[in-house]
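Excluded from the calculations below are hydrogen atoms, water molecules and symmetry mates; all remaining heavy atoms, backbone and side chain alike, are included.
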Amino acid sequence: MGLDALRKKIETKTAKLGVIGLGYVGLPVAALFAEKGFSVVGIDLKQTRIEMINAGKSPIEGEEPGLEELISDVVKSGRLRATTDYDALKDADVVLIDVETPVNDDHVPEYAALRSALKSLSQVLKEGALVVVESTIMPGTMEKIVRPLLEKETGRAAGKGFLLGNCPERVMPGKLLKNLRSMSRIAGGDSEATAETMAMLYRHAVEADVDTTDWITAEIVKTAENTYRDVQIAFANEVALICEALGADVWAVREFVRKSPGRDMLFPGAGVGGHCIPKDPWLLASSVADADVPIRLIPAARAINSGMPAHVFRLIEGKLGNLEGKKVLILGYAYLQDSDDTRNSPSADLEDLLTEAGAAVVVHDPYIAGFDGDVYAMADECDIAVLMTAHGQYKGLDLAKMTKALKNPVMVDGRNLLDGEKASAAGLTLVRLGVGSA
Ligand code: SAJ
């Protein structure tokens, strides 16, 4: 199939699409292109996930507005179907790859799922088809891993026997469909012509800019935008530690700093969790591991942010002394407010530290089954409560009831969520992260 024929199919939405990996990125992507009129085949290894999707159900956890209805509609219309069988991709004109790309404990990316998907795809990939990696990858992966593997396995050259590109996803749990529709995308192709062809496809589904470039740029942009956020959060956290030491209030400092143009200081907090921010800085830093580039800021920011649960632990120790035999209530286990997503949760890190110190830990989280009990009953006989996640529900906590339930009327606020005056009126001592005692 030549470039013009492919572009025509994309333009008229008669191109057959394949999506490999039907997780929290691939499934909304598949459903969105099906909604736009494309015929989409989704591939996943998990048969249970395939069965749910083909029954019009969403296997994605948590609240994802509009997703299950969309899946049901496009499955009913026959525009989306899921299977474990790669043979279903033999007619695909475009294949999007959305498999997991985790980093290991040494912060090195692991590409087993990506390599396996590419190998299986190579066995059926149609001549002239377009392959787009959407997963977040370390800069250099397209050139050093994806292209060579596809060329070897297909016996064809990228840009000739098939077209190849990288178009990083920008999803966020809780807003999967919204982000896919409303956030700009960057299409990095093996050539300008391929990048433009990719952009033609994404412009059917994306209401924002779709820019074209090369794939190294696309890989760097995605990892750099999340590294930027991690560094910004680390700065806010370091200022919080300084304010505590100097007896100042970082939340007041932050408001005044933001009055200076271009000083959009982010929020200090009890830690940085999730699937993107803790991982992507390491992908960016690892990309130059073999080069003579001194990487200092990125690891330092990671160390500050991943050290915040230990800082909260010290705030607790500062109030209770030896934690052996004490009981601590953690409020919030999800990494993000008003979400049930616990990936890389700072609360899990704090729980480990407390357990290691011999304390008993009780966890409350309104979004997580098993943790969503009566928070006041859970506070009973606890020596302290610690707010780790800024769930909106905690804004309405009855602080007088908390004071009554707790053995010691003390609460650590790791997210500046609670009202200091209301707390003191209720007889509750509030230890606020980033606020030093004069
Ligand atoms: N956090 C802070 N201080 C802040 C902001 C966040 O401590 O000022 C913490 C949060 O509590 C959380 C973690 O950092 O534990 C991550 O929060 P996040 O708001 O960055 O949410 P994520 O992890 O879902 O980030 C995603 C990213 N999007 C993509 O990778 C496509 C990020 O680039 C977006 O900025 C973010 O969503 C968003 O706000 O949309």
Side-chain angles (χ1 to χ4, degrees), residues 230 232-245 248-254 265-274 277-278 303-320 323 326-339 341-355 357 359 361-368 371 375 378-379 382-397 399 402 406 408-420 422-423 428-437:
D230 197 48
Q232 293 296 320
I233 297 169
F235 173 76
N237 282 332
E238 189 139 278
V239 172
L241 302 183
I242 292 168
C243 286
E244 280 185 20
D249 176 338
V250 72
W251 307 99
V253 165
R254 177 180 174 274
M265 184 171 162
L266 288 183
F267 296 100
V272 175
I277 309 300
I304 293 167
N305 290 338
S306 55
M308 292 312 286
H311 180 67
V312 173
F313 174 83
R314 285 190 293 277
L315 292 176
I316 296 167
E317 243 184 356
K319 279 294 167 191
L320 298 185
L323 293 177
K326 297 288 194 325
K327 200 173 163 191
V328 179
L329 171 62
I330 290 181
L331 298 179
Y333 204 71
Y335 85 88
L336 195 65
Q337 60 274 10
D338 304 326
S339 147
D341 194 329
T342 60
R343 283 173 295 182
N344 297 314
S345 167
S347 306
D349 294 335
L350 176 63
E351 184 180 25
D352 291 347
L353 290 168
L354 290 167
T355 310
V361 178
V362 182
V363 175
H364 178 268
D365 192 304
Y367 289 88
I368 300 174
F371 291 162
V375 67
M378 292 165 101
C382 282
D383 296 283
I384 197 166
V386 189
L387 192 143
M388 289 293 285
T389 313
H391 289 320
Q393 183 171 327
Y394 292 142
K395 284 199 184 105
L397 264 181
L399 299 181
M402 282 304 279
L406 290 165
N408 302 307
V410 183
M411 203 156 163
V412 175
D413 184 352
R415 298 287 178 187
N416 190 41
L417 189 77
L418 302 174
D419 181 310
K422 281 189 188 150
L428 186 68
T429 303
L430 213 46
V431 179
R432 298 168 64 208
L433 184 142
V435 180
S437 45

**Study point:** Min side-chain heavy-atom separation Asn237-Asn305 under 4.5 Å
**Key:** yes
Check your understanding: What distance separates Leu336 CG from Arg343 CZ, expressed to the nearest 0.5 Å?
Key -> 10.5 Å
Exercise for review: Tell me yes or no: between the side chains of Asn344 and Tyr335, is some donor less than 3.5 Å from an acceptor?
Suggested key: no
Exercise for review: Begin from the C-alpha positions of Glu244 and His311 and carry the test side chain to side chain contact (heavy atoms under 4.5 Å, CB included) through to its verdict.
Suggested key: CA-CA 11 Å; Glu244 280 185 20; His311 180 67; 2.8 Å; yes
Check your understanding: Hey, is the main chain of Pro309 close enough, under 3.5 Å, to the side chain of Asp349 for a donor-acceptor pair?
Key -> no
Exercise for review: Determine, for Phe267 and Arg254, whether the Lys NZ or Arg CZ falls below 6.0 Å from the six-membered ring centre while staying within 45 degrees of the axis.
Suggested key: yes
Revision key, fill the gap. Looking only at heavy atoms, the pair that brings Ser339 and Ala334 closest together is O-CB, 3.0 Å
**Study point:** N/O donor-acceptor pair under 3.5 Å between Asp413 side chain and Leu418 backbone
**Key:** yes
Check your understanding: Does the side chain of His364 reach to within under 4.5 Å of the side chain of Ile330, using non-hydrogen atoms?
Key -> no
Point to revise | Full working for side chain to side chain contact (heavy atoms under 4.5 Å, CB included) between Leu329 and Ile384 | key: CA-CA 6 Å; Leu329 171 62; Ile384 197 166; over 6 Å; no
**Study point:** Heavy-atom pair with the smallest gap, counting every atom of Val328 and Ala359
**Key:** CG2-CB, 4.4 Å
Study note, to complete from the structure: Result for side-chain hydrogen bond (donor to acceptor under 3.5 Å, both in side chains) between Tyr367 and one of Asp338, Thr389, Thr342 points to Asp338
Check your understanding: Does Leu406 reach the side chain of Asn408, with side-chain heavy atoms less than 4.5 Å apart?
Key -> no
Practice item. Might you work through the side chain to side chain contact (heavy atoms under 4.5 Å, CB included) test for Thr429 and Met411, ending with a clear yes or no? Key: CA-CA 6 Å; Thr429 303; Met411 203 156 163; over 6 Å; no
Review point. Just wondering, do Leu433 and Asn416 contact through their side chains at under 4.5 Å, heavy atoms?
Key: no
Revision key, fill the gap. Closest non-hydrogen contact found for Gly434 with Cys243 is O-CB, 3.5 Å
Check your understanding: Is there a side-chain contact between Met308 and Leu241 (heavy atoms, below 4.5 Å)?
Key -> yes
Practice item. Please tell me if the side chains of Leu428 and Val410 come closer than 4.5 Å, counting only heavy atoms from C-beta onward. Key: no
Revision key, fill the gap. Value for CG (Asp365) from OG (Ser345), rounded to nearest 0.5 Å, stands at 8.5 Å
Revision key, fill the gap. Result for side chain to side chain contact (heavy atoms under 4.5 Å, CB included) between Glu317 and one of Val312, Leu323, Leu353 points to Leu323
Check your understanding: Are His391 and Tyr333 linked by a side-chain donor-acceptor pair shorter than 3.5 Å?
Key -> no
Review point. If we only count heavy atoms from C-beta on, is the Met388 to Leu331 side-chain gap below 4.5 Å?
Key: no
Review point. Where is the tightest heavy-atom contact between Pro346 and Arg415, given as atom of each residue plus distance?
Key: CG-NH2, 4.2 Å
Check your understanding: Should Asp419 and Lys395 count as an ion pair when the cut-off is N to O under 4.0 Å?
Key -> no
**Study point:** Non-hydrogen atoms of Met402 and Ala385 that approach each other most closely
**Key:** CE-CB, 4.0 Å
Practice item. May I ask you to test the Pro366-Phe371 pair for a side-chain heavy-atom distance under 4.5 Å? Key: no
Exercise for review: Might you work through the side chain to side chain contact (heavy atoms under 4.5 Å, CB included) test for Val386 and Ile316, ending with a clear yes or no?
Suggested key: CA-CA 8 Å; Val386 189; Ile316 296 167; 3.4 Å; yes
